[in-house]
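We number each residue from 1, following the sequence as shown.
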Amino acid sequence: RHVEMTEGMTALLGVSGRQYSLEMDEAVKNSINIFINAMDCVDDLKVCLIRNKSKLDFITSDDPAVLTNKWALFRKDLFDWSYGFGSSGVIAVLPLTPRLALIAFDPDTYSIPHKAGWVDIKRKLDIRALNELQFLNCRANIYCGESLVEETLSSLLVGVESNRLQSRHKLNYAVFEQNIEGGKVYKQISIEEAGEHAEAIVHSQNLNPIPLKWPSFINWKRNGSVYTNGSGAGYVRKAQVEKIPATDFVKQPLFYK
């Protein structure tokens, strides 16, 4: 069912409860379209279906397809990195029913125990961790089954309140610094430092909320690896590197000793 935000819940979200009015089917269609458009970037991900055998139902929202990255958020040096569909360490989660959810993950970064693609979860804390992703990602509406009451949802929201982002994007400003062979170098500065420059670029950076906890069944891949060439592309998966001819990407371990 659709849960209308109460005054307390909308205060935590920072938006009006009626500001957004996406229905369940429209939200799911939008999410499916996003995945279809990015299909060539995610076809190497491992996909499993999570069978919820706990006493807590899955919830969903007006923005149910969650893209997160446990590896990038675990590494402190990558906090400012905006990962995408082709990045190393990505995890995509989409609840399908109160008892069923889809999870897609980078198989070179994580290992999830499963049987023929099915993952049976009995721990309530694991389901709660997945539900918290919906609160971190939603715009204004949360959807749930009849078994969940408003008090339960409110307690979940309060738990992740401090980790919700006021904005999902950040504008970065960079000014021309010098020419180099085959390109140009720009230096990132603050808007206050900008002043007047002959040449500058502005780009929008995605900001990523940090979950309070991760499901216990998402394990690190033994001898896992990532690929990078030291550029703004960051860290990408092997399958993505293989699509780019004559690249200078090199293999690195997940964690440095």
Side-chain angles (χ1 to χ4, degrees), residues 31 34-35 37-51 64-96 101-121 123 125-134 136-137 160 163 165 168 205-244 247-257:
S31 298
I34 291 174
F35 276 103
N37 293 333
M39 193 172 296
D40 61 335
C41 289
V42 299
D43 55 7
D44 64 304
L45 296 181
K46 178 72 175 180
V47 178
C48 291
L49 289 175
I50 301 174
R51 194 155 35 199
V66 177
L67 184 72
T68 187
N69 195 320
K70 178 182 178 181
W71 174 73
L73 296 174
F74 186 84
R75 281 185 50 164
K76 305 295 184 183
D77 59 319
L78 298 181
F79 266 17
D80 292 331
W81 177 44
S82 294
Y83 51 80
F85 285 111
S87 300
S88 295
V90 294
I91 300 172
V93 179
L94 179 65
L96 303 174
L102 177 147
I103 185 168
F105 59 95
D106 176 4
D108 290 329
T109 302
Y110 313 107
S111 174
I112 296 180
H114 65 88
K115 289 185 178 180
W118 287 91
V119 183
D120 290 338
I121 302 301
R123 296 182 75 248
L125 288 178
D126 287 336
I127 303 303
R128 184 183 177 95
L130 293 172
N131 282 344
E132 286 180 354
L133 290 175
Q134 292 299 312
L136 290 173
N137 202 62
V160 298
N163 285 42
L165 299 177
R168 300 298 293 272
Q205 175 186 356
N206 290 330
L207 300 179
N208 308 297
I210 303 174
L212 295 179
K213 62 180 74 69
W214 296 95
S216 62
F217 58 84
I218 302 179
N219 305 309
W220 298 117
K221 177 67 174 290
R222 185 177 182 182
N223 298 323
S225 59
V226 298
Y227 289 79
T228 183
N229 63 356
S231 72
Y235 296 86
V236 298
R237 302 188 299 278
K238 180 181 180 181
Q240 303 306 312
V241 173
E242 292 173 346
K243 296 176 182 178
I244 309 173
T247 64
D248 56 349
F249 283 85
V250 295
K251 182 178 179 180
Q252 292 185 357
L254 290 180
F255 303 104
Y256 293 105
K257 294 183 180 179

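For Phe74 and Trp214, the ring centers sit 6.0 Å or farther from each other.
When every heavy atom of Thr228 is checked against every heavy atom of Gly234, the shortest pair comes out as OG1-O, 3.0 Å. Here the shortest heavy-atom pairing between Val90 and Gly84 reads CG1-O, 3.0 Å. Listed here is the closest heavy atom pair of Ile218 and Lys70: O-NZ, 3.0 Å. The two atoms that bring Leu254 and Arg75 nearest to each other are O-NH1, 3.3 Å, heavy atoms only.
Between Asp44 and Arg237, at least one side-chain N (NZ, or NE/NH1/NH2) sits under 4.0 Å from a carboxylate O, which counts as a salt bridge. Look at Asp108 and Lys251 and you find no salt bridge, because none of the NZ, NE, NH1 or NH2 atoms lies under 4.0 Å from a carboxylate O.
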May I have the step-by-step check of side-chain contact (heavy atoms from CB on, under 4.5 Å) for Trp71 and Tyr83, ending in yes or no?
-> CA-CA 11 Å; Trp71 174 73; Tyr83 51 80; over 6 Å; no

Candidate pair Leu130 and Ile50, rule side-chain contact (heavy atoms from CB on, under 4.5 Å), full reasoning = CA-CA 11 Å; Leu130 293 172; Ile50 301 174; 3.9 Å; yes

Walk me through it: do Tyr235 and Thr109 pass the test side-chain contact (heavy atoms from CB on, under 4.5 Å)?
-> CA-CA 12 Å; Tyr235 296 86; Thr109 302; over 6 Å; no

Passes side-chain contact (heavy atoms from CB on, under 4.5 Å), Gln240 versus Phe249? Steps please.
-> CA-CA 10 Å; Gln240 303 306 312; Phe249 283 85; over 6 Å; no

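With sequence neighbours left out, the ring pair (Phe, Tyr, Trp, His ring centres under 6.0 Å) criterion links Tyr110 to Trp220. Residues forming a side chain to side chain donor-acceptor pair (under 3.5 Å) with Ser216 (at least two apart in sequence, or on another chain): Arg123, Asp126. Here Trp118 pairs with nothing under the ring pair (Phe, Tyr, Trp, His ring centres under 6.0 Å) rule; sequence neighbours left out.
At a threshold of 4.5 Å between non-hydrogen side-chain atoms, the residues Leu73 and Pro211 count as touching. At least one side-chain heavy atom of Arg51 sits under 4.5 Å from a side-chain heavy atom of Asp120.
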